[in-house]
Structures are given as C-alpha cells and as structure tokens.
Amino acid sequence: MKNRRQFIKALSLSGVALSHPSFVFAASASPFTGKLVITVQAQGGWDVTHFCDPKENQSGSDIITNWSKTEETRSAGNLRYAPVANNNSFFERHYDKTLIINGVDSQTNAHSIGETANWSGRTAAGFPTLTALYSAVYAPQLPMTYLSFGGFSKTANLLRPTMLPYSTSDLQGFLQPNIDANNGNSILDPDIWALIRQLNVSDAQSMLEDETLVAGNRRARAAYLESLTNNEALAEFATTLPNRQEEEAISGDNRLISQAHFALLAFKSGVSATADLHAGGFDSHNDNDLEQIDLLGQLTDGLDYLWDYAEQLGLADRLVVIVGSDFSRTPYYNSGAGKDHWPIGSYMVMEKNATYTNRVIGATDEEQNALGLDTRTFSTSSFSGTKLVPAHIQKALRNHLGLENSATTLAFPLINTESIDFFS
Amino acid sequence: MMKLFSHRFLSLLITIVLTQWMLASSVLADTLTLPTISAASTDGGTTSTSFTLRAASDASTALLTTQQVLDISLTLRPDPADIGRYGSIYAIFVKDNSFFLLGPDRRFTIWSGELATLAPFAEKMLLSAETEFDLLSGRLDNSGEYQIFIAYAVEDDAVLDYTPTPHILLLNEATESPLLDEALSIYEAQLEDELIQARCAACHVTGGLARNSALQFQRSMTGSALNNLSMLQSYLNIEGNSAETLLTKATGGNSHTGGPQISQGDDDYNQLSQVLALLEQVEANAGLAYSFISGQQGESGISIQSLLSSVTLEPREATLRRAMILFAGRAPTAAELKTVHDGSDNTLRNSLRSLMSGPQFREFIVRASNDRLLTAGTEVEPINANFGNFPKLRNLAYEVKLNEEEFAWYQGYGRRIDVATKRASGELIAHVIIDELPYSEILTANYMMMNPLVNELLGGTAIFPTDAGDSDFLPARITQYYVGSALRQSEKHPVAGYTVSIIGAPMADYPHSGILSDFAFLSRYPTTATNRNRARARWTLYHFLGIDIENSSQRPTDEAALSDRNNPTLNNPACTVCHIVMDPVAGAFQNWSDFNYYRQNNGIDSLDQFYKHPEDGSNSPYQQGDLWYRDMLAPGLFETAITSRDYTLRELAGRIVEEPGFVRAAAQFWWPAIFGTKPVELPSVESDQGFAEKNAAYLAQQTSMDEFANILAQRLNAKDMLVEMIMSPWFSAHSSTNYEFQAVQLEADLGAEQLLTPGQIAAKTQNLTGVYWRTNESPDGTSHSKYDELSVLLGGIDSIAVTERANLLTPSMTAILQSHAAETACPIVVKNLALPLAERRLFLKVDETITPLSIAYTTTDVTANSSTDWQEHKLVAQIPANGAEIKVSFTNPWCDYNGEKCLEQRVLYVDALTLRHASGSEQRFEESAPEVKISGQHCYIENSSVTFYNQCTMTLSLDLDNTDNFEIIAHLAAQQAPSREQPVQASIEVLSSEEILTAQTGNALLIKQQIIDLFTKLHGKQYAIDSTQVQQTYSLYVTALASALQSSNNNINNCNVWVDGHFFSDLLTPEQLEVARYPSPNGNHYEIDWDYVSEMTNQITTDNTGAKRAWIAVIAYLLSHYDYLHE
C-alpha cells in the first residue's frame, strides 16, 4: 500500500469497511438566489401609536399618547410616524422601502393567539409561519434554511427550524466538527473522519430500511440522516461568524443587531433563506411610554443595522422584511401608566426598489379602531369596506413571494380570505 | 422424519401457485364456507383427512372487506385411524409471501419457516370424526389474498396431515366507514348546535360544572362537531358506558346533576339515540384487528384497533436501559439486564422504580419541571433584595454594596440566590416524588426548598450538614419574613440602599403553598395593575388542572367585544366565558404582590395603589379592609368561593388537588418529559389536512392520560404513574406492522427513540465514558458546563424566547454533536487506558499494547548508561510459520532542545536481534541482514549498530517453515537523560503477517469483543461477533490503526485533554492535583500548571502501537452515531 489515503480508499472500496452501499454525500446544489425573507417579531404587543400609526390626543377622549401633548405627528415620504424613539431617523432613511399596513385586527387580546394569528395567518394552531413556508417551498435543501431566535416559529412539520440562542458565537467553534478551533488543525485524521461520517451515513440509511419502523422513530432517524448529509456546508459559514467579543462589539446590548448580523451571514453563506428575529419585552402594562420608546428604539436600530449590513454584503436587493407583533396596545393608559392589549395593530413590510413601498394601506380612527378598506382603491371608511385581519396580509405575502400555488402552501389554505394585492 | 416433514411442508407453502377462486359459490347467509381440502401426508402415505374453513360475519359475506369482523373456524375431519387420539393442530396464514403462525393465544407471529419455531395453536386435542376449532375473531387489516394452510399431527407421531393447497380468502379494501359517516351526518345536522352546544356544553366543558365528567365538549369552532362526535364515541368506549347510560343521564336519570335535557321520544332524544346506536355499531365492528405485514422477524402480527395498532414494544432490557440513561445517566449492568430479561413486566416495574432516586433522577425532575414551569426564564430576581421584608437579606446586600458595589453583590450573592430560587419549584417536585410524598404536596407544601444560602437569608428552618453547598436543597419554612410595619428603614444610601431594623414580629406562619407561592413561579408569571394575577391564574389552571384557558372556548373575534371598555371581563359574555374560570383563581393570589412578597403594602394588602387611589381623583370601589378588587370576581375555584383571607393560596391548593383534573394535569405535565414529545393538541379546524389523524392521535393520548391519571389518583404516588408511563407503548413502541395508523402515529410522534436533551447527553457521556466534556469544576464547588451554554443550539430551551425543546436533529445540532464526539474521543481513550482496570468505564478487554496482529509484546526499561553498555532484553513468543515480524522500537525519546541542540536526551542503541530456539540453536540478525529494516526519523547506523534518537523501529521479517517457540533477545544499550526519572524504554513485539482484516489472532478476537462491549455500553445494542456492525467497526479500527502506523510520529495529534474538565482530578493523586491546578485570580475557575502535567500528558498521549488512535476513531464513530444520541 503506497500511502494511508490509498489504504483507506481501498478499504472503503473493498466493501469490507463499508458493508452497505457507500453513500455519496449530496453534491452541493446550485446556490440559492431567491428572495431572502426576514420577519421581526416584536413580541408582547407593540404600541403602534408610538410608531407607524401615530395618534394624537383628541379633546374629550382619553389620553392616547403622551407624546402628542407636546409634539405632532411627522412624515417621511408618504409615511406618518410618531416623533418618539429613533423613529425620525428610521423613517427618513427607510420610507422609500417601506409599506405600512395599519388597522389590522388580530382578533384576539391573548398573546399566544395573537402571535399565532399574526405569523401564521389564523388564530387556530396548525399552520406554519410564512418564513417556514417559504423555506419549505424554495430552499428546503439548505442546512439552516429557517432560522429562529424565538417567538412564534411553528413549521407544521414542513421542516425543522434552527433555533438560536441569545448569543450565537459558540457556533463558530462547533460547526466544523473535526477542526480544533484553537489552532485550525484537524482533531482526527481527516481521512479517518471522512470514513466515520460515511459510516454514520450508511448506518443511518440502513436503519431506515426497516419498513416496520414506528412513525416517530422513522422521523427521528430520517432527521439524523438528513442533518448528517447536510451539515458540511456549515463549515465555511462557521468561519464567517464573530466570536463572543466581536459579537458584543457589533451589537452592544441590542440583541436584534446580533440576530440580524447572524441571519445575513447565513444568507450570504448560502445556508439559510429565512429568519425570524425576535424582539421581546413589548408587553408594557406598566410605564408604557418608557418601555415602548426604549424597545422601539432598539427595534429601529436593529432594522437600520439589518439594511446597512445587507447592503454591505450585497444582499439588500434580495431582502424582504416583515415587522409585526401580537397586537397593539390600548388607545388609553391604565392606572400604572401602562397600556393593555388592543387587537388593532399594524404590519410593516420593507423591500428595496419595490413599487409598493412609501405607502400606507389601511387605517384606524382617532381611537385606534380599524376602518374598513376598499380593497380596490385602498380608500378607507368608517362605514364600509373590508376589515383587515392577519390572514389578508399573510395571504398577500404568500402571493407576493410566489408561494400561493405550491402544493405545500395549498395544504394550509387561508380560506374565506379575500386576496388583496398590497404589493402591486 | 421431522426434517423431511419440514422441507415438504415448506416446499408446498413456498411453491404454491396462486389461484383466483370465486368464493361466492359456497356462501351461506352470513357465513362463507371455503371449499373443503383433502389432506396429504408428510410421509407420502394415504389419508382421508379433510379440512374445511368458514368465515362468518354479522354482515354479508358476499364481498368480504377489511372492515368486517370475521369469525374464522376450522372443521377437521381426521383420518379414521386418528379418531380418539390426541392431536396438535397447526395453522399458517400466508400474506404477500410472508408466513404468519397462529399461536394458542390466537395471536400471530411472523414465522421464519424454521422447524424449531413451528408450533400448534391447539394441542392435546381429542380428535373426533369432526372437530371444530375457532381460529380467530376480528378484522383482517390488509386487503388481498390470504392463503391458509392447516395441518395436524397426532401425539407422538411426527407425520403431519396437511393441506397440499391452501384455502384462499379474498378481502377487499374497505374505503369508508358508512356507519360513522351516517352518524356524523345526523349529528352535524341535528345535534351539534341544538343540543350539544345549546345545552350540554353549558356544563360539560372546561371549567364548567361538569368539568370532571368523562364527557367534555368543545365549544363551537370549525372542528367542534367532529371533535364532539369523537367525544361521544370515546365516552361509549369507556367500560361501563353505553348509549343507554348516556340517554338515561340526558333525560335526567341516574343522578344527572344537570337534570333532564331531553325527553324520551322527542326529536333530540331520537336523533341522539340514533347517533349513539351507530357509534356503538362502529365500535362493535372494530374489535380485534389482525395485521399481516411482514418485514421483521419474530414480531407479532396482531393488533387492537387503535393508534397503537399492532405496535411492537421494544424488549424489556431496552426499556430498562433507556429509562436508566434518562433517570440515572448510566447503562444497566449485565446482571440488571438479565434480571429484567428473565423476569416479568413486574420485574421491570421494580427495576424502573429503583431508578427514581439519586442525583441524576433529581436533575431529571428539576429539568422536566422547568420545561413546563419555565421558572429559569424569570427575567427579574424572584427574591428582590431591595426590599427589607427579609432583613438579613437586605442588610447583607447593603453591606456588600456599600463595601464592594453592585457587581460584587451580584457575583457573590445575587446570582446564587437567583439560581437557587429558580430551581426551588423543581426541587420541590423532586423532593415530593423521590420521597414518595403525596403528589398533591407540590401545591400544598407548607414549606419551600432552600439551599444553605437561601435558608440563612430567609430564616429557613432547614438544618444543613456543614459541607452542604449551593446545590443542596432541603425543605424549609420561612421564619424571618416581616411586613413593612414591623421594620424601620435607615437613610437611603445612593448605591447600597438602606438597612432595616426590626421593630415588630416576623410573620408567624408564612403562607407557603407549594409551587403556587414559589417566588420564581410568581415572578415568571408576574402581575400588573391590570393583569391582576391573571397570568398566574392562567398557568395555574394549565399546569395543575390541565385547563388551557386560551383554547377552552371560541375566542371573541368581534372587534366590539375586544374593545369593550365596560369591564368586559366581568360583563361581556364574549369575555366572561373564560374569565369566569380564570379571574377567581387570580383572586386567590390576592395577597402576593408584583414583587412576589406577601401583602407588600405594609402588611395590609397587595392591591395596586392606583386602584385604591385613582390618579384622576375619581372614586375607587376600594373599601377599607379589601384584599381584592371589587370590580373582579371574588377569589375561588370554579363554583366555590375561597373563604380564607390570609391563606388564600393554601385554600386554592387544597381545592385544586381535590379536583380530578389535578391528576390528569399531572399526566399531561409529565408527558413530554417521559415521552420526549409534546402531547397532541385538540385540532380545531375540520378542513385542515390531517384533521382526522390529529384527532385520532389526540383521543388516543387523552385515553392514555386518563389511565395514567387513574394510577396517580390511587395513592398520589408519582412514581406509580411514571413507572406505568414508561411501561406504556408511548415510551417503548418500536415497530408497527399496520400501516393503517401510520399517519396517526406520525401525528402522535409515536416512537421509542428520543433525542437526548443536552443535559442527558452530558450525563450519559460523563457516566458512560468518564469524560466531562468542557465541563469544569470551580473552586466554589460549582460546575460550569458547555452543554448548558449550548443548550438552545442543541435543541434545548432558554425558558424565555425558546421554550420548546427540539426533538429532531438539525444539521447544526448534529455538527455540534459531532464536535462533541471528535473532541471527547481522545480524552475518553487515553484516560480510560491510563486508569487501572478497576477504575475504567470503558476498555476492560484491551490495553494499548493489543493490536490485531500482535502475538507478543513487551516494554522494557533499558537502564544501560552508555552506547557500549549492552544488555539483553528478552521476550518469549511463539512465532508463526509463513510470515512474522519482530519489531524493536524506541518508545520514550526525549530531548531538551535549546533551539540548536539537545542539551540532554535519551538515546537507544540496538546492536542486533537474536532468536534462540528451545533446542539451544540460535541465529543473530544485525542491521545489515537482508531481513532487517530500520524505519523512522533520526535513526542512524553507526559502527554496525543502530542509534535511535527518535521514534525508530528495527523490524526483522521472518518466514519460518513451522510455527515454533523462541526466545527473542534484543541487544540494547542506552544513553539516559539525567534530569528525567524515567529510563529509556523500548518495546519488543512479535507480529503475525496475516491479512489484518481477516486475522483470527487472539488479539483480533479480543478487539472485536471490545467493540461488542462498546456497542453494548454506548448504544445499548447487542451484536454478534460476525455481525455487520462489528465487522464494519473493526474495519474502521484497522483503517485508523494503519493510518496511525504510517504516520511519522507516535504522538496523538490534537488530543485536547483539557476538554475533559475532570481529566486531571481523575488521573492525579490529590497531592498531585494540589500542585497541578490552582484557583484563577478571580476565583471563578482553576488554572492548570501545564509544565507540571506535561510529562504525564505526553506519556498518555503517546501511542507507540497505534492502538489508541484506532480506538479514538471507533469512539468518535460510536459517539456521533444515531444510537448514541437517541435513547
């Protein structure tokens, strides 16, 4: 035997080392070039009167916003916003890539139902998020096709989400299993490691051959096999990730920034197509303004970073960003200067160079009650028109992203929901 | 004779030509009689025996379907010579070329065709001229053709009379259930709205008066009609229930609390009666279902028609192992496995019960409890040291902050208090379960679990041993809680806050109430001015009564209802439907403030100040002495008010544990922990894809939960229930031969193989291999683990944003677990091989000198002191004929290199090798001999001897005609390194020249035995020595060995022993460890003196034979395998 490599190869080919048919690792598919979809879930119920559906106090009514005691609503392009937090710079920078949909009735005041409705399109459980659906239809082959940092990330078993923690820096050292992160050397001989992987794969394939396997076991085994054969692509991605110190330097204490950073790197590396970013803490039953202004500031800072870094990575033209929440907050303050749950909220959809942006669709009245929408002209009325619900937005987004006719999508029909073209 | 019989009989079975027969020709009214078949005899003799089969059914037999219940019987007319004798009767069903043998219990087993396993379904039967036998009664699940072979033999005679051609039974696929369709049609049109929703669901619903009835309806939503019909069906399935009992109750009889809702003879009665009759008929038709799908030898082919249809359970030993890994983190011993193998189910039960104690089980309980309660996700400190209610805590915080500032408080105390309080609820549940206290005590406990620190600061009553640390918990009562009026505050310091002095008495009987008054539970579900304890109530109802209030009724989607400002939770029917259940429970938390303290308003109440004193000056409904909001429902549980003012939670707890829903909720609470997957939620949208399967899965799980709850209810001993959960198919279902229920099983995630949680993988690796991957001991006795830090990335939860565990691997999770395997493999191998045999977890059969071709091996100290100080070092070995090698190697070269030269170094000199035969003849081989080769770096030939400065080997190749014994003499000299204690060492080894992959040497067999052991310990799988798995792993071993031997050095590259946090503490003596490690400057961790440990680490990571690297490859393979990551 001339050398070790030949010896190992000969063993493999002899069929002795591998008694099962040798597995050919999936050849790398062509890179994913479609749109990249991000949702930002402002969990807890954001106060849109402090953001994209600004409300000023009306005489004779309860105080709806403290800011309007001294300030007036502002505009950027065709968008109107509340002059608090970092809204001014945010809307000035991004109005041209932003569509606001106001007056959306979440049909609930319960958090879990609100999340379900806003991110899957209906109040009943069982449907996937838009992002999961998109990944399942367009990019199921990517190893981390659907990223989630928490919040509502149901997949209806279409795929397995990659759940991510507060800090993702640990991944840097562990996505290249046989590499010592301290010195870049192989831990085991690379040829031996390749053989081990091959054995794991062939074993996993054999374990699936048993036709009598009970369904749960079959699913677990299939997941293992798929995860084995699909994780080599993560090695290169790992090299792009920041370490703990770099991550902290990038994001400071704004976790949304580190999430955006990670998601964009994953997109750039071709390992992911969608991501749900999570911004929690919006449930401001006490000290509403203090909490909302701080969190909205973090939210818009995170979105700023997302777009800036997407530009830097050359991804901005492919990005579709959907921002929303469980619902909104009452159009009045409670005794603790907080605001409680209110079903009428908003969505924000952002996309560069789109024809539908710099626009507001849907509206609420002075007391944040939803107005009816003429779905042809988009004019609003207190007396007639369609009351927007999350299903309308989700259905339109499905259409906008070209998902509506796929067999996968058809299994989750948003029935009795008018198609509204927000995105023409 | 029996052999002949076997071949002939089988031959007939296998070579039978399929014939399509028309069966209708002999149809009777409801019985299908198959044509009588005359027997043949296995001895070739003549016989007049004949067999007749009949298939009887309640329905028409003109076209048999898989939905019909068939009674299949046999009429045997034996040869007259056998009449009056005793006989054994055999029946074999052939379906799709697979054989199914009917057993005495009228169950089928897949038959391999081996004679040894052929068994009669009836024996010692007295044969008469015509004898009837019932073969089976039930449905045949699979459509198509069945070939049925029958045979009999008289006692003490091996000759069989058998059917030379089979009886043929044809079954058609039943594509629908017309009875069920008819029932649904009537139900939807006539009963759902007018009777069930309008009348029954007023009480028979979550939180309703009849909440404890077995009949629980779903309020109107899209799928409620189907679900409610399923509920009626489930109700009828309960033993003792029938259409009659239900109709009796509905008409007000049989003590129906709700009185008459329908009258006999009215439309509702008639329609309900009709629907129930149809459902009963559906049930009657179900019965047993026999499945005939092959694929796995030795598995049963029978099923009860249900989700668990034809599920085969794993062997008891496998269940024991999996439970042991989950509960104890270790693998069972051979003796423990044998006990359950030889024993009964009760033996397994006892073994399982014995696992339910000890630190690993406690950790399992704490972790599983947190998975539900999520108290670890409490984002603010559960016990707030800024308040003075616990004076010792406040004054200590003041003192530390004054002297060392805020961070020092957090590091020294705050963090530790947080950790302890967030664990307390789980520790309480663990305490109750492990000590076999009534499970109700998780809510009624008049104590909480404290560690020494919390005990000290809260005035706890526990008495700890002196060596107790932060991770030790005991039950304790708070004795030092003071309400504000019993305290006086000092001036406030800007950083340290204030101190308190005590001017009154502590609370005499602190109102502990198990988890309900747990600081972290209260904190995780905080109250606010408007929330008013509703989150606490919502989760109390969910966790302890199984009531999911958000899903218990149709949610109002009406904008007007949702934006109603007139106290809608009290007044708006769309809201009160839920709040009527939730708000009284919220009221029971009335005494606990938003900071989780009792009556924080100076001991008066915990009401929101703005409620009592509205900012806008309006009148408040508050009245002096009120403890609860007057614009909310009064404290209570369901229809019963809570009368206590001071001990409201205690009273609530007492009420909860008396509710039947409490034990049911317990079954639900423990379901994910035991089965590794969440229970199926009741589907609510009828048009959803898979609705029927989800519904079936839901109902099956609910039925099982009822059974588990009943077990818990008997003694309130949680171990009883946990044991039965593990004994159930939900834990140990392995395979299924019925595809009919696959979709349902998939919805239910039915399967024995659970992905281990990060904590379980940690415990498994630590206990099975002895290596603590990236888990370090700290000087304060705590442990920091990467498994915890990687939790979410490995499928775990953070209890805040990520609250559900992943139960399937993703590519990133698998990559991390492969890292785990790659990194731990070397420490596992070198550590175990360095330990004495008695202390090893693995590798009890081999050491590093055992390689497949090695026949004899020795290492020897060469104590010579110069290049001419020749010594003889000997090894006696049998050298095989037709090829062998003798190798002399330098095993411990060392050089103190200063960048230019070695200041001192070890050198080995080899003069020659001599073979001495027993006869006295001998032959000397010097380096110049053609049979001798020198390999390695820095090996020089000088003056007809060889000088080894580095890892060099002299190899002598032999080709003897006969195998014979020899004394092998290596002529060696050495130069020592004076500063090193260890002298020069050399190894002498004799190697066979066999083909390594097929070698049958003793060592090769030992290595394969070791591989078998590793599979057993690490995967829980038993493989034969010639199995694919063992051969394949041996090939990997050999490949890695060859790779190691062909590499240029004998050190293991990148053997990161530091990844094992216990590496040095396990390998060094306590005295050595004192020197080898020392606390870091901040005291957070230990630093290692790498200079001190380098010689030891160098020595154990040296791999002269390649065996260590070969085993490292095997371990990396086994640890990254599916079977290691799942139990």
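Chain identifiers are assigned alphabetically (A, B, ...) following the order of the sequence lines, protein sequences preceding nucleic acid strands; residue numbering begins at 1 within each chain.
With a threshold of 4.5 angstrom between heavy atoms, L234(A) approaches chain B through side-chain atoms but not through N, CA, C or O. Neither the backbone nor the side chain of P413(A) comes within less than 4.5 Å of any heavy atom of chain B.
Looking only at heavy-atom pairs under 4.5 Å with chain B, the residue among D340(A), T162(A), N231(A), V214(A) that has the most is V214(A). No other option in G126(A), S186(A), S167(A) has as many heavy-atom pairs under 4.5 Å with chain B as S186(A). Taking A821(B), S812(B), G690(B), P614(B) one by one and counting their heavy-atom pairs under 4.5 Å with chain A, the maximum is reached by S812(B).
Of all heavy-atom pairs between P177(A) and S819(B), the closest is CA-OG, 3.1 Å. Across S1120(B) and Y224(A), no two heavy atoms sit closer than the pair O-OH, 2.5 Å. Nearest heavy-atom pair, D688(B) versus A125(A), reported as atom, atom and distance to 0.1 Å: OD2-O, 4.3 Å. Shown here for P811(B) and P143(A), the closest heavy-atom pair between the two residues is CG-O, 3.2 Å. Nearest heavy-atom pair across I196(A) and A1113(B) is CD1-O, 3.4 Å. The two residues L164(A) and V802(B) have their closest heavy-atom pair at O-CG2, 4.1 Å.
Between S687(B) and I415(A) there is a side-chain heavy-atom pair separated by less than 4.5 Å. Between N182(A) and W1058(B) there is a side-chain heavy-atom pair separated by less than 4.5 Å. The side-chain heavy atoms of L809(B) and L228(A), taken from C-beta on, include no pair separated by under 4.5 Å. Counting heavy atoms from C-beta outward, E823(B) and I187(A) have side chains that approach closer than 4.5 Å.
With no hydrogens or angles considered, no side-chain donor-acceptor pair links N185(A) and N1053(B) at under 3.5 Å. For the residue pair Q818(B)/N200(A), the side-chain donor-acceptor check at 3.5 Å is not satisfied.
A salt bridge between R774(B) and D170(A) is absent, with no side-chain N of the basic residue lying under 4.0 Å from a carboxylate O of the acidic one.
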T312(B)/T212(A) under side chain to side chain contact (heavy atoms under 4.5 Å, CB included): CA gap, chis, key distance, verdict: CA-CA 9 Å; T312(B) 302; T212(A) 67; over 6 Å; no
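In this structure, the side chain of N217(A) does not engage the main chain of S735(B) through any donor-acceptor pair within 3.5 Å.
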